[in-house]
Undergrad: 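Dropping the structure in here first, questions after.
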Amino acid sequence: MKKRIIIEDAGNLKEGNHFKKLVDNKFFEWLLYMVGYAVVLIAVSVMFSKTFYINNQYYGLYALIAAIIIYVLNQTIKPILFYITLPITALTFGLFYPIINVLILYITSFILGSNFQINGFVLPFVIAILISILNMFMEGMIIKPIIHKGREQK
């Protein structure tokens, strides 16, 4: 009977375990999402600078704060708004749902004041849809692969 001896480099193993522990941390996952959403908000504010404005004076700090506020509002107020407007959303076959996202953006604008501004109503409706699409893209193409790769490492 032959025995197999496997020798692994302890340095690489420690780095992999450290990355795996970091990715398994829920705060890191949440922070990764918030930075991703902040990047999406900055990209949209650059594309629609006359309608959607975020103060970029402090290297995207207000975009990160806006992403955190939007996250908190999505977890607290959005379900309530969804249940209140469920009949309208059902009658419009889901077309009313982005209006809830526009309301969340307006509440964020109210909280952040002059550092986060939205003008008009029709274009913010389009912006809310674009933010949803970019968030899905960011989550599917960047955030989830990073998390999956970190959890896959041994």
Undergrad: For Leu41 versus Ala63, what's the shortest heavy-atom pair and its separation?
TA: CD1-O, 3.8 Å
Undergrad: Without swapping roles, check the side chain of Asn101 against the backbone of Ile129 for a donor-acceptor pair under 3.5 Å.
TA: no
Undergrad: Determine yes or no for a side-chain-to-main-chain donor-acceptor pair under 3.5 angstrom, with Ser49 supplying the side chain and Val46 the backbone.
TA: no
Undergrad: Let me check something: do Leu95 and Ile127 share a hydrophobic cluster, defined by ILVMFWY side-chain heavy atoms less than 4.5 Å apart, either directly or through other members?
TA: no
Undergrad: I need the Met34 CE to Ile65 CD1 distance, nearest 0.5 Å.
TA: 13.0 Å
Undergrad: Do Leu81 and Tyr83 sit in one hydrophobic cluster, given that two such residues count as connected whenever their side-chain heavy atoms are within less than 4.5 Å of each other, even indirectly?
TA: yes
Undergrad: Do you know the tightest heavy-atom contact between Pro145 and Met141?
TA: CG-O, 3.5 Å
Undergrad: Give me the other members of the hydrophobic cluster that Val122 sits in, counting Ile, Leu, Val, Met, Phe, Trp and Tyr linked by side-chain heavy atoms under 4.5 Å, directly or via other members.
TA: none
Undergrad: Could you check whether any side-chain heavy atom of Pro124 comes within less than 4.5 Å of a side-chain heavy atom of Thr51, counting everything from C-beta outward?
TA: yes
Undergrad: Could you check whether any side-chain heavy atom of Tyr37 comes within less than 4.5 Å of a side-chain heavy atom of Ile70, counting everything from C-beta outward?
TA: no
Undergrad: Just how far is it from atom CD1 of Ile69 to atom CG of Leu73, taken to the nearest 0.5 Å?
TA: 7.0 Å
Undergrad: In Å, rounded to the nearest 0.5 Å, how long is the span from CD1 of Ile68 to OG1 of Thr108?
TA: 11.5 Å
Undergrad: Would you please indicate yes or no on a ring centroid separation below 6.0 angstrom for Tyr53 and Phe48?
TA: no
Undergrad: Can you name the nearest heavy-atom pair linking Val35 to Leu64, along with the distance?
TA: N-CD1, 4.1 Å
Undergrad: Are Phe27 and Trp30 an aromatic pair by the rule of ring centers under 6.0 Å?
TA: yes
Undergrad: Examine Ile42 and Tyr71 and state if one hydrophobic cluster contains both, with Ile, Leu, Val, Met, Phe, Trp and Tyr joined whenever side-chain heavy atoms are less than 4.5 Å apart.
TA: no
Undergrad: With rounding to the nearest 0.5 Å, note down the distance linking CD1 in Ile100 to CG in Leu86.
TA: 8.5 Å
Undergrad: Who pairs with Tyr97 by ring-ring contact (aromatic ring centres under 6.0 Å, His included), at least two apart in sequence or on another chain?
TA: Phe82
Undergrad: Which residues end up grouped with Ile80 if you chain together Ile, Leu, Val, Met, Phe, Trp and Tyr wherever their side-chain heavy atoms are less than 4.5 Å apart?
TA: Ile84
Undergrad: Output the distance between atom CD1 (Ile118) and atom CD1 (Ile54), rounded to the nearest 0.5 Å.
TA: 8.5 Å
Undergrad: Could you check whether any side-chain heavy atom of Leu123 comes within less than 4.5 Å of a side-chain heavy atom of Lys50, counting everything from C-beta outward?
TA: no
Undergrad: Are any non-hydrogen side-chain atoms of Phe121 and Ile99 less than 4.5 angstrom apart?
TA: yes
Undergrad: Can you name the closest pair of heavy atoms from Phe52 and Ile131 and give their distance?
TA: CZ-CD1, 4.4 Å
Undergrad: For Ser132 and Ala128, indicate whether the former's side chain and the latter's backbone hold a donor-acceptor pair under 3.5 Å.
TA: yes
Undergrad: State, to 0.1 Å, how close Ala38 and Ala67 come at their nearest heavy-atom pair, and which atoms those are.
TA: N-CB, 3.9 Å
